[in-house]
2 protein chains.
Amino acid sequence: MIRILLADDQALVRGALAAVLRLEPDFDVVAEVGTGTEVPAAARRTTPDIALLDVQMPGREGLDVAADLQRALPGCRTIICTTFSRPGYLARAVAAGASGYVVKDSPPEQLVDAIRRVHAGLRFVDPALAAEALARGASPLTGREADVLRTAAEGGTVADIARALRLSEGTVRNHLSAAIGKTQARTRAEAARLAEANGWL
Amino acid sequence: MIRILLADDQALVRGALAAVLRLEPDFDVVAEVGTGTEVPAAARRTTPDIALLDVQMPGREGLDVAADLQRALPGCRTIICTTFSRPGYLARAVAAGASGYVVKDSPPEQLVDAIRRVHAGLRFVDPALAAEALARGASPLTGREADVLRTAAEGGTVADIARALRLSEGTVRNHLSAAIGKTQARTRAEAARLAEANGWL
DNA sequence: TCGTACCCATGCCATTTGTCATGCGTGACC
DNA sequence: GGTCACGCATGACAAATGGCATGGGTACGA
């Protein structure tokens with residue numbers, strides 16, 4: 001039996017996924033949680049073989065949780081399962097030690113297939129996304145530029161960003177300017193959109 | 001038997017939902033489609049009792065499709081099922097003749113319950129969302145303000161928006177200014193975020 | 001040790017943006 | 001017919017923004 005931990009904040013989706021996974025005779029969904037913070041405790045309690053994590057969850061992001069889980073339970077492999085096919089997310093997932101990456105666009109069989117492969121010690125990455133990631137490459141943004149752009153995405157003024165990040169306004173403008181240039185955008189809003197779409201934030 | 005049409009662009013979610021609905025002995029999922037444009041044809045072919053529509057789908061939005069479906073197959077009742085609990089969406093769903101509105105956050109039992117109620121001729125709206133909608137009220141934006149704000153959300157400059165909407169730049173600035181005032185924002189980006197979050201776009 | 005990359009900051013300047021006042025036309029409503 | 005809300009436009013002005021140059025500090029690898 002393959003023991004599975006399921007983490008997704010949308011109860012309807014989580015329940016439905018659990019139902020479809022339980023249809024496989026060799027699958028056993030041993031835990032279902034709705035937040036990232038619950039994952040470590042649930043994993044220690046149920047010792048799953050596979051942790052299926054959504055990227056966006058209240059509390060802690062799936063990508064952060066994956067890294068911790070990797071250290072705490074080396075026997076448990078993680079698969080990231082998300083709505084967003086963003087190259088940057090894939091890169092971060094791999095860096096966090098995830099063994100698989102499945103996009104929610106793909107058919108259910110692909111998820112089942114991914115779980116079997118990862119359980120067998122292989123890796124699985126959505127083919128279309130893998131190609132996309134290779135084409136787009138890594139994030140051109142420096143850490144600070146990403147911080148500033150992330151805060152700018154809220155829609156506040158330069159003063160707001162500077163206050164939130166405890167920087168001078170001039171510095172914020174410089175980082176924004178650099179980010180706008182690197183993303184080939186013309187306004188910070190566009191830069192934020194592009195960076196977000198690529199998973200660079 | 002309650003005949004159900006399922007429309008959701010995420011194949012994994014769609015498949016999982018179909019699986020969980022098929023567990024109910026009196027439910028029959030007669031059609032599964034991944035785009036809004038496929039819905040009318042599939043509905044005519046399979047004559048479902050209930051159409052379960054996601055809001056965001058490629059092609060046509062679920063809300064638009066709902067209105068058409070209402071006219072074409074009066075016997076088929078629609079339930080909107082979406083990730084987003086936005087008051088504005090609920091208002092538009094009701095206007096489009098939908099009989100139910102379920103948020104994907106809610107547990108699977110609630111969806112099953114909603115389907116049974118709607119099939120029985122009742123209405124069903126997620127309780128938390130209904131309260132939210134009452135509290136926030138309708139959109140304060142005029143049609144043109146919403147247009148401008150929607151275009152502004154792409155991140156372009158005033159000139160871009162003016163060109164896209166064939167308006168003068170001054171007019172665009174006026175609409176933006178009005179929208180910023182009404183949403184109590186301080187930048188157009190913030191106004192766009194707030195309006196989007198409320199489903200006013 | 002040097003070069004390089006990054007972070008932080010300051011200052012300057014042209015452009016863009018947000019705000020306001022004002023005007024005109026249209027359609028809805030009393 | 002008058003009033004009102006709305007869309008569209010123009011003009012003007014203060015503030016915010018985006019480029020760009022410059023300089024200092026730190027960390028890291030050659």
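Each chain gets a letter, A, B and so on, in the order its sequence line appears, and its residues count up from 1. As a basis for the values below, the full set of heavy atoms in this structure was taken, side chains included, without hydrogen atoms, waters or symmetry mates. Not measured: the values here are computed from a predicted model.
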Grab the N/O contacts between the protein and nucleotides 3-7 of chain C below 3.5 Å, and write none if there aren't any.
| from | atom 1 | to | atom 2 | distance (Å) |
| --- | --- | --- | --- | --- |
| C/dC7 | OP1 | A/Gly143 | N | 3.3 |
| C/dC7 | OP1 | A/Arg144 | N | 3.0 |
| C/dC7 | OP2 | A/Thr142 | OG1 | 2.4 |

Could you list all N or O pairs between the protein and nucleotides 21-24 of chain C that sit under 3.5 Å apart?
none

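- Taking the side chain as every heavy atom from C-beta outward, B/Arg188 and B/Ile161 approach each other to under 4.5 Å.
- Side-chain nitrogen and oxygen atoms of A/Ser168 include at least one within less than 4.0 Å of the OP1 or OP2 phosphate oxygen of C/dT10.
- Within the structure, every pair that satisfies the side-chain hydrogen bond (donor to acceptor under 3.5 Å, both in side chains) test and touches residues 141-158 of chain A, not counting sequence neighbours, is listed here: A/Thr142-A/Glu145, A/Arg144-A/Asp147, A/Glu145-A/Lys182, A/Asp147-A/Arg150, A/Thr157-A/Asp160.
- In this structure, A/Thr47 has no side-chain hydrogen bond (donor to acceptor under 3.5 Å, both in side chains) partners at least two apart in sequence or on a different chain.
- Sorted by first then second residue, the salt bridge (Lys or Arg N to Asp or Glu O under 4.0 Å) pairs that include residues 77-106 of chain A, not counting sequence neighbours, are A/Asp8-A/Lys104, A/Asp54-A/Lys104, A/Glu61-A/Arg92, A/Arg86-A/Glu196.
- In this view, B/Arg117 and B/Asp113 satisfy the side-chain hydrogen bond (donor to acceptor under 3.5 Å, both in side chains) rule, not counting sequence neighbours.
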Applying side-chain contact (heavy atoms from CB on, under 4.5 Å), run through A/Ile4 and A/Asp28 and close with a yes or a no.
CA-CA 6 Å; A/Ile4 301 171; A/Asp28 190 8; over 6 Å; no
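- Of the two residues contacting DNA chain D, namely A/Thr157 and A/Gly170, the nearest-nucleotide position lying further toward the 5' end is that of A/Thr157.
- Running 5' to 3' along DNA chain D, contacts with non-hydrogen atoms of chain A at under 4.0 Å begin and end at D/dT17 to D/dA21.
- Screening residues 119-132 of chain B for side-chain hydrogen bond (donor to acceptor under 3.5 Å, both in side chains), with sequence neighbours left out, gives B/Glu132-B/Arg136.
- Rounded to whole angstrom, the span from the CG atom of B/Leu176 across to the P atom of C/dC20 amounts to 14 Å.
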side-chain contact (heavy atoms from CB on, under 4.5 Å) for A/Cys81 and B/Leu12? Distances and angles first, verdict last.
CA-CA 10 Å; A/Cys81 173; B/Leu12 194 49; 3.8 Å; yes
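- Closest approach of B/Leu69 and B/Ala43 over heavy atoms only: CD1-CB, 3.7 Å.
- Remark: B/Arg71 pairs with B/Asp68 by the side-chain hydrogen bond (donor to acceptor under 3.5 Å, both in side chains) rule, at least two apart or across chains.
- When all heavy atoms are compared, the tightest approach of A/Pro58 to A/Thr35 is O-CB, 3.7 Å.
- Atom CD1 of A/Ile115 is separated from atom CZ of A/Phe124 by 10.5 Å, given to the nearest 0.5 angstrom.
- Of the possible polar contacts, none joining the B/Thr171 side chain to the B/Leu167 backbone as a donor-acceptor pair under 3.5 Å is found.
- Judged as a side-chain hydrogen bond (donor to acceptor under 3.5 Å, both in side chains), and not counting sequence neighbours, A/Arg193 has no contacts.
- Near DNA chain C, defined here as any heavy-atom distance below 4.0 Å, the residues from residues 184-201 of chain B are B/Arg188, listed numerically.
- For B/Leu129 against B/Pro87, the heavy-atom pair with the smallest separation is CD1-N, 4.1 Å.
- An angle of 30°, rounded to 10°, separates the two end axes of the helix from C/dT1-D/dA30 to C/dC30-D/dG1, each defined over five pairs.
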